[in-house]
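A quick write-up on the structure given underneath.
In what follows, chains are A, B, ... by sequence order, proteins preceding strands, each numbered from 1.
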Amino acid sequence: MGHISAPLCRCSLMKPIEYLDPKVQLCIKKRGFSELSDAQNQAIPLILKGNNIVLIAPTGTGKTESAMFPVFNALMSMPAGGGIKALYITPLRSLNRDILARMQWWCGELGLSVGVRHGDTPMGERRKQALSPPDLLITTPETFQALFMGKRLRQHLAQVRFVIIDEIHELAGSKRGAQLSVALERLHVYAGDFQRIGLSATVGNPDDIGRYLCGPRQFSVVQVPVAKHLDIIVRFVGDNFQKQTEILSESLDREGSTLVFVNTRVTAEALGHALYDRGDVEVHHGSLSKEVRIDAEERFKRGEIRTLICTSSMELGIDIGRVDHVIQFGSPREVARLVQRVGRAGHQLNAVSRGTIFATGFDDFLESLVIARKAKANEIEKVVPHRNAADVLANQIAAIAVEYGEIELSKIREILNRTTIFTNCGMLLEEVCRQMEEHRLIRSEGSRIVTTARARRYLSGNLSMIHDERKVPVFDMVSRRTVGSLDESFVVGWVHTGAVFITKGQLWRVIQIAEGKLTVEPAKKALGELPSWEGEQIPVPFSVAREVGRMRRRRNISEYTSEQAGIVFSEKFLSEMDANRSVIPTDHLITLENTEDGVVCNVCAGHKTNEALGRVLSILISARYGTTVGLELDAYRMLLRLPSSIRAADVRDFLLSLDPSHMPGILRLALKRTGLFKWKLVQIAKKFGAIDPDADYEKISILRLLEYFDGTVVQQEAYRELLSGYMDIDSAAAIVRKVIGGEIRVALAPLSMIGAGGLFSSRDQIPPPTADQAVLATLKRRLDSDDVLLVCMNCRNWKSRTVVSRVPDFPKCPKCGARLIAALKPYEDELYPVIRKPRKTQADHAIEQRLLKNANIVLSSGKKAVIALSARGVGPENASRILATLTDGDAFYREIMKAERRFIQTHQYWS
Amino acid sequence: MNLEFFSDGPALVIEGEHRLLIVADLHFGIEADLAAHGLHFKSRSTDRLERLLKIIDAADPDMLVLLGDIKHSIPSLSRQEYYELPKILETIRSRIPIKVFPGNHDIGIERYLLDSELQAKDGSILDGIGYLHGHMYPSPKLAGHLMVLGHHHPLLLLKDEVGCAIQTPVYLRAGLDLNGLGMSVSQKNSLSCRALLIPAFNEISGYDIFQIFKKPFSPVSRFMKKEESEIILADGTYLGPFMSLQSDETD
């Protein structure tokens, strides 16, 4: 890499700062940095050498500067103008603005030009950039995509020598990141080799991040250990919201400037409301308008307010000035998140970041302790990039087709082979192209891919792999007004008739989903934690949930903390469980508890593992019993909503007979008809150009349209994403293996505080595998509620009208005690007087015979006969034929179904 | 009169003196309209036609009765239809005689039909049963007969105990308010004067039957009696009276 012209002195006595251009050194002094941070000292020489690098360091350790000092150095030695020389990519526009403000000073001093380009950039500014590109361009991954669409901008890209990706951990694990990875190799076509610099918060697998960034090229990793910078304590604040806010308020009085992180917007709003009277607190989350958010940031920075209550919107490195203390309200759920959030405190080099977790309950406290321990031990979660995501591939093929007009497929493969995550895509490339042709997004001519008229329009609507969500209005039936809106994906994926959810801090029950509108009524109560529309819950990882289970088993809470309130609470909780003779589920013990709604399975395995396990159990149960199973779960338990006839012991039998090797296959089957799967399918189909962002589904049956994707690469991708991202089959299989091996015991138990006190997020329903079951259920329901006329054929002095479900197993005449009861259809009421006639005609005798035959069947077969006789077109002859099959349960109802089917094929039914 | 149900269609054979295969709402060319609504799919005309030919082979009828909306584009022929439609009709015709009751989507189809094939838009009687597409008031001639119609694409959301739904095409047999329809019928015949709504053969067309009752979009559907309506699945399973189904509204 010969483009670094600054002479490199190998003299080890030189400090890294001295390698830099004197002008840059001067600026560093001017800016008031007396010395460089660890991160800077390690990274600068490597970058100057021309290495690709992943720099992992806590927020506030001067990561941006570490990367930019040597980049400035190189830019200054290049001739002015001629194109963009360095790209700085961040995941957020707000971060872009922040970086721009910082870079403008440096570039101004050093005589370099800098610009920002993203969705908010005005047209005039864009035109200016196209005519005279800045040396350094700050942008987002999506706007980077757009740069390839303009001919002139493409030329400017040829000069790029550096690409810096900030907060790369936010991108690497997502489809946005997968898309960016291809875009970097598309850039390579114009710019040749350029130096890659990734800036990341702490992750468990820095090498994977490096491979993601650099593909097959060499790279270095510089990691500044985070643990020594962290001072985290866990406080138990109880489960009373009022009390919690009091403790929070006291804590704010004691500390200086504080960031309070919460997990949901609803909590943010609630806390903001409760602390409003203090006058020094503001709320900051994604649903607030940009102006409100920036205003809050600015006021915090200026010290006008002391506290900012925020969601993950404040996790990334937006500069908000000095933060003395971070409070995490409720368990942070993930180690990485805790480290990132607490890292916002002590925004100075080498300063210690102080953070306090406010734990709000038993699960929450134990979980927080485990996460805090892991943070101190540097056990951070891995970031796993998507491999061979077909929808990303489709998106990038369309982009390449537009970029080149037409291109050999082999050229596309060359681009993909330079990435890490698509390098082994094999035949997937051809399959994706075939599917895109199906939707007229591209054409293929021999071995060439040709763009279509639609492709450019598709691309401008699909620059981003973030799913643009349509909003579905929520209409309250009772007050007859619109109360808010929900994301389309939430509606398609989670909400079903009768479901209860929260929006605007209130509970609602779904009455109807139709015409792009959700009709609801206020609901009073619902079991546990509800799906809120905030988007997906942060899953608690497997290892955290396992350790919580171990803690429950060993009861060694005091080894984790000296927080007396929490220790006392937890010990009291556990001894109360003991006193109730409840069995405490642990990492070595799964307990199954019966409740009114179904069976609670207490499994300490985290969200994704429980998701996999819960779905496998649900599909098996639903297939066996022919009923839909509702599934709600969190990291420590699942509630299987079941008919009352299926109990914990049955669920145990299913669990014990699971074969881990069959689980992936079962899950595929289970997923296919769920709301979640359909939602994914729609999202992916959009990226294949099958469905426009503003498509109108009202005229057709979207459910049946989705069947067009059976067996296609679109469906495969939905499976891939769900099975890899939403659930953890491997860990679920590991749990099952331990159950089989006896390492984890399974016990039946009455409903316990742990089982009942849990918080559920209503998720999905697992329908039985065939439509047949729904038909049978409908048939049963109808027959059960059919009116039936019982007539005593013995004394002929009793008749009673009732519904089939109320008929006893063997009906008996209350007058004479005989069991010779005929079961008639309501319209046969007119036959009753006939059988009571003292003198009967020929025709009357025929009727009497018929009713006697009817009664004889009921005498011998009881209620089963009554059920058969109430079916459409089934008289005594047909009924005895059905009963003669000696079938029971579903098979019996299938016989009835056959008889009815025969009946409606005949003239009798139609005339 | 005997009936046979072909669930792969859905299609229906009504056998009296003749064996008639009844198919409604093919909507060839729907893909062009889908594209205009933001849904981009390749034409599935070939698949749809093959499905129809298979059923013709399996049912071995004397005649195919097409209950309208053979094509999709309104108000004229789309490009796709211009190329596809003549061939489709010729392929069917070469197997079996057809009768066509034009629907609201069939504007301009006459030019591809033989005079003997084209039937009245407001219906006529074949083999003792009244047939029509169903977008117009039925001809008074049909009074006293079972009326078989397309146009409504009935679909049903079948729910099981927990409320999970499957969407499936259904037949709807409904009693009618004959006065409302302007039909005078003798007492004796009034019972047999029912409507049978045929599900769409087109695999993605469909209206929920609750919606058909709630927001009727044809003369016949406006005068259907809920209480005298019954649902039959595409395979001929008798599902029960409409009133026995659970509606979302009453949950």
Side-chain angles (χ1 to χ4, degrees), chain A residues 437-441 454 496-498 511-514 626-630 641 643 673 689-705 707-708 765-768 771 773-775 777-779 781-783 785-786 871-873 897 900-901 903-907 909-911, chain B residues 1-5 14 16 30 33-42 44 129 146 153 155-169 171 173 191-192 194 196 200 202-208 210-211 230-233 235-241 244-246 248-249 251:
Chain A
E437 262 193 286
E438 172 99 347
H439 307 301
R440 300 157 195 265
L441 203 49
R454 272 195 67 216
H496 53 91
T497 305
I511 296 177
Q512 192 191 18
I513 314 160
T627 169
T628 295
V629 178
R641 285 188 184 275
R673 278 180 39 218
I691 301 176
D692 285 347
D694 57 348
D696 165 16
Y697 320 109
E698 308 248 310
K699 290 184 73 178
I700 54 139
S701 164
I702 186 78
L703 297 182
R704 307 193 66 205
L705 185 78
E707 287 170 13
Y708 283 173
Q765 307 202 355
I766 315 295
Q773 295 294 353
V775 174
T778 312
L779 171 70
R781 222 164 25 221
R782 160 166 58 90
L783 293 176
S785 57
D786 261 350
R872 192 78 157 91
M897 204 187 275
E900 288 187 331
R901 208 178 285 168
F903 173 68
I904 62 159
Q905 289 177 1
T906 61
H907 190 65
Y909 175 73
W910 294 98
S911 50
Chain B
M1 171 184 131
N2 271 310
L3 273 74
E4 267 174 62
F5 292 85
I14 300 182
I30 192 171
D33 186 43
L34 287 183
H37 287 88
L39 302 161
H40 305 273
F41 290 85
K42 208 177 63 179
R44 278 191 160 61
I129 290 172
L146 174 68
H153 311 175
L155 267 191
L156 175 67
L157 268 178
L158 265 179
K159 297 205 194 74
D160 62 14
E161 286 172 64
V162 191
C164 194
I166 303 158
Q167 217 171 23
T168 178
Y171 293 84
R173 189 185 77 149
L191 258 183
S192 60
R194 291 203 183 95
L196 174 64
N202 185 290
E203 61 282 359
I204 54 168
S205 302
Y207 295 101
D208 191 276
F210 286 94
Q211 294 299 319
E230 295 181 309
I231 316 274
I232 299 159
L233 298 186
D235 66 353
T237 300
Y238 174 76
L239 202 67
S244 75
L245 298 175
Q246 288 177 328
D248 285 355
E249 322 280 312
D251 278 356

- Query: chain A heavy atoms under 4.5 Å from D235(B): which part of the residue, side chain, backbone, both or neither?
  - Reply: both
- Item | Residue part contacting chain A, namely of L196(B), when any heavy atom lies under 4.5 Å | side chain
- Applying side-chain hydrogen bond (donor to acceptor under 3.5 Å, both in side chains), name anything that partners Y708(A), two or more places apart in sequence or on another chain. E203(B)
- Message: My understanding is that only residues two or more places apart in sequence, or in another chain, count here; which of them pass side-chain hydrogen bond (donor to acceptor under 3.5 Å, both in side chains) with R901(A)?
- Response: T237(B)
- Counting heavy-atom pairs under 4.5 Å to chain A, which of L155(B), I232(B), L233(B) comes out on top? I232(B)
- Note on the structure: Interface check, chain A: of R44(B), H153(B), E230(B), most non-hydrogen pairs under 4.5 Å belong to R44(B)
- Under 3.5 Å, side chain of Q905(A) to main-chain N/O of N2(B), donor-acceptor pair present? no
- Message: Can you confirm if the NZ or CZ of R173(B) lies within 45° of the ring axis of W910(A) and under 6.0 Å from the centre of its six-membered ring?
- Response: yes
- Return the minimal non-hydrogen interatomic distance between G689(A) and R454(A), and the atom names on each side. O-NH2, 2.8 Å
- Identify which of H907(A), R782(A), H439(A) forms the greatest number of heavy-atom pairs closer than 4.5 Å to chain B. R782(A)
- Message: So which residue, M897(A), E438(A), E437(A), ends up with the most heavy-atom pairs under 4.5 Å with chain B?
- Response: E438(A)
